[in-house]
Student: 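Let me begin by handing over the structure; questions about it come next.
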2 protein chains.
Amino acid sequence: MQSLIDIQKRLLPDLLQVLHKRYSILRHIGFMQPVGRRSLASNLGYTERVLRSEVDFLKEQNLVSINNIGMSLTSEGKNLLEDLEGLIRELIGIDVMELELKHRLKIRKVIIVPGNSDESLMVKEDLGKACAFCMKKYLTGKNIIAVTGGSTMAAVANVLTPEIGKKELLFVPARGGIGEDVQNQANTISSIMSKNTKSKHRVFYVPDQVSNEIYQSLIKEPEIHEVLNLIKSASMVLHGIGDAITMAERRSSKPEIMEKLETNAAVGEAFGYYFNEKGEIVHKVLTIGLQLEDLAQIPNVIAVAGGASKVKAIKAYMKKAPASTILITDEGAARKLLKG
Amino acid sequence: MQSLIDIQKRLLPDLLQVLHKRYSILRHIGFMQPVGRRSLASNLGYTERVLRSEVDFLKEQNLVSINNIGMSLTSEGKNLLEDLEGLIRELIGIDVMELELKHRLKIRKVIIVPGNSDESLMVKEDLGKACAFCMKKYLTGKNIIAVTGGSTMAAVANVLTPEIGKKELLFVPARGGIGEDVQNQANTISSIMSKNTKSKHRVFYVPDQVSNEIYQSLIKEPEIHEVLNLIKSASMVLHGIGDAITMAERRSSKPEIMEKLETNAAVGEAFGYYFNEKGEIVHKVLTIGLQLEDLAQIPNVIAVAGGASKVKAIKAYMKKAPASTILITDEGAARKLLKG
DNA sequence: ATGAAGTGGGACATAATTTGTCTATGGTGG
DNA sequence: CCACCATAGACAAATTATGTCCCACTTCAT
């Protein structure tokens, strides 16, 4: 298979580019259909005319149909697209990258999705789908799933289906309210997840930063105590990884904290922990819930983070990540990770 | 693997055309090297400039080398060319055509060689090679091989190698001298074949058309009698198929015969038998040797004929051909055969 | 030796294609 | 009904491909 491509590449060096171009057009049409030429063009970053030539070609091939409401895939196009998915993965060499990254990061598994989620929303959705697929694979019997917040986790939540919920699931937020806007909060996300999988969830709302005193009294609240126990006994953790500064800003952290992060050169964030490039913890949001050291006890830890912009963060966090971690990322991030 | 090619056919038909073009250029260079741009261009039917662009590209890719004596394949180019053969076969869908033709013509096997021997001498040589390969496959132990004349059979003779002659072979002309110029006569060809395979052959020269009287006396000649017996006990027959009119002219047949062929709409010729489109025998050159009805007794009958121009002839003859026939033809003929 | 015939490479006007951009026209949904 | 988004058409500008010569050189047969 690879040899076949290699042979062709000698005689048609731009083969892969063209294939990829047409594939991505098909994919976008499939995703956005019915869609107009202009919006598709701007979405793909092609000029209108170029896209038009390609679309004309695809129409010629009976892969897309065009009517006055926009372009859609024909059923042929749909089938072809499905066949293409696997092919493109192989062509890009994703399998190879996955293995290589797994070894370099010294974690359990790496799953890479084609594309770059910085550039396309679709890819973020694909990250979510990959995560859902992965969850399904590792969930057995009863499960408690602890989740964190963030836009990536929100994307995961959106693509979960009742099929995954066939097993008995209970979603809980991994940690007390870690800032952020409501829709990306862990509480919200775990509730969406439970809704989409038709399973249960628990809310866990505690003030962002607590003094030791309050902490002690909170912990004695039976409700909170119970949820805390659930969290610590989770069989799966889903979490995102963020860029340190971006996260701090999103949480509207105080100036002194921002300064601390800057002087300590924090680059990555996960669970409210901030890391520098060496993977050292330079700051930690004080809150109740899952602590970094608890992770080692949890059988399945799935980290989802994509986009070339998150590379530094991913790299930093991965130095401390437990070996049981499964990283789900995208091609854009993976390539950059492998370069460094 | 098949899926890859199918997908490419759908998504990159234009590129595959280019692939094919470049392949044929490589192939021709390999065949004619060292060769100049002009002669290659006229050979391939491209204009000089077009060929030049392609050659520049191939040079860029380090597949051909250019010096003042002409263009040649580099060793890389040579390797690639070999790898390409199989790919191109699949791309053109030759395997499919072979099966389809086999069923339609109701014969034992069809082997198709890429290209059109009307247009390129190379393809005729390839026909020969395919025939040689096929012979090797079906020859076992001692063999008597009866061969006919014609330029196609001459091409076969030229590419036979001693390797095939490892088995014990004896070449004999299938029929008495059936006209034609000396170098394409059955006698000449069987002698070349024996030379190239380092094996034996028998000559068999008898006047073209004999009266019954002479026939009877000839048959009593021990020499001729012996050869006749050899022919009838042959384990393999190699023969060409020709266009009726062309063959008649080449044999400088008498006007009354030409007329007979025309009024009876003869289109094909094999072994000195002329057929109309329905496969009916409309004329027969009277000569000693293998008769059409003897063919059924011979285990391996290999018919070699290529070129779109021979399609009618092939189609006509195949209506009468024994079921044990193996047809070796080229893409040009095969496509046209499948159309009708 | 010499000339014919072959070679690659340079040059250039012209044809063909690709590309960017704008307009016309017509459904669709609020 | 109107604003909006859709496709298709059109067309000039830019780019690329193509056809055609010519030149200098080598080779090879005469």
Student: Starting at CG of A:N67 and ending at P of C:dG27, how long is that distance when rounded to a whole Å?
Tutor: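 Computing the A:N67:CG to C:dG27:P distance gives 12 Å.
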Student: Thinking salt bridges, do A:K312 and A:D243 make one under a 4.0 Å N-O criterion?
Tutor: no
Student: Both B:E48 and B:E54 contact DNA chain D. Which one's nearest nucleotide lies toward the 5' end?
Tutor: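 The 5'-side residue here is B:E54.
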Student: State which of C:dG8, C:dG20, D:dT26 makes the closest approach to the side chain of B:N68.
Tutor: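 Selected nucleotide: D:dT26.
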Student: Using the side-chain hydrogen bond (donor to acceptor under 3.5 Å, both in side chains) criterion, which residues pair with B:Q61? Sequence neighbours excluded.
Tutor: none
Student: Could you tell me the separation between the CG atom of A:L40 and the P atom of D:dC5, rounded to a whole number of Å?
Tutor: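 My rounded result for the distance is 15 Å.
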Student: Given atom CZ of A:R49 and atom P of C:dT23, what is their separation to the nearest angstrom?
Tutor: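 The distance from CZ of A:R49 to P of C:dT23 comes to 17 Å, rounded to the nearest Å.
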Student: Within the modelled atom types, does a donor on one side and an acceptor on the other bring the side chain of A:R37 and the base of D:dA8 under 3.5 Å apart?
Tutor: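 Result: at least one qualifying N/O pair found.
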Student: Quiz question: going by heavy-atom distance under 3.5 Å, is there a donor-acceptor pair between the base of D:dG19 and the side chain of B:R52?
Tutor: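 In this structure, the two groups form no donor-acceptor pair.
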Student: Looking only at the side chain of B:M71 (C-beta and beyond, no hydrogens), which of the listed nucleotides D:dA8, C:dG8, D:dT20 gets closest?
Tutor: C:dG8
Student: Any ion pair linking A:D83 and B:K9 (charged N to carboxylate O, less than 4.0 Å)?
Tutor: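 Not counted as a salt bridge, because no side-chain N and carboxylate O are separated by less than 4.0 Å.
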Student: Determine, for A:K124 against A:D118, whether the closest basic-nitrogen to carboxylate-oxygen distance falls under 4.0 angstrom.
Tutor: no
Student: When the distance from OH of A:Y46 to P of C:dT18 is rounded to whole Å, what number comes out?
Tutor: 16 Å
Student: D:dA8 P sits how many Å from A:D56 CG, rounded?
Tutor: 7 Å
Student: So which nucleotide from D:dT7, D:dC21, D:dT26 ends up closest to the side chain of A:R38?
Tutor: D:dT7
Student: In whole angstrom, what separates A:I66's CD1 from C:dG27's P?
Tutor: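 Whole-Å distance recorded here is 17 Å.
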Student: Any base atoms under 4.0 Å from A:S53, or only sugar-phosphate, or nothing? Heavy atoms, all strands.
Tutor: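 Nothing, no heavy atom under 4.0 Å.
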Student: For the pair B:K129 and B:E125, find out whether any cationic side-chain nitrogen is under 4.0 Å from an anionic carboxylate oxygen.
Tutor: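 B:E125 and B:K129: salt-bridged.
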Student: Would you say B:S39 places a side-chain N or O within less than 4.0 Å of OP1 or OP2 belonging to C:dT7?
Tutor: yes
Student: Atom CD1 of B:I69 to atom P of C:dG8: distance rounded to whole Å?
Tutor: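 Value for this atom pair: 10 Å.
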Student: Grab the CG-P distance between B:D14 and D:dA17 for me, whole Å please.
Tutor: 14 Å
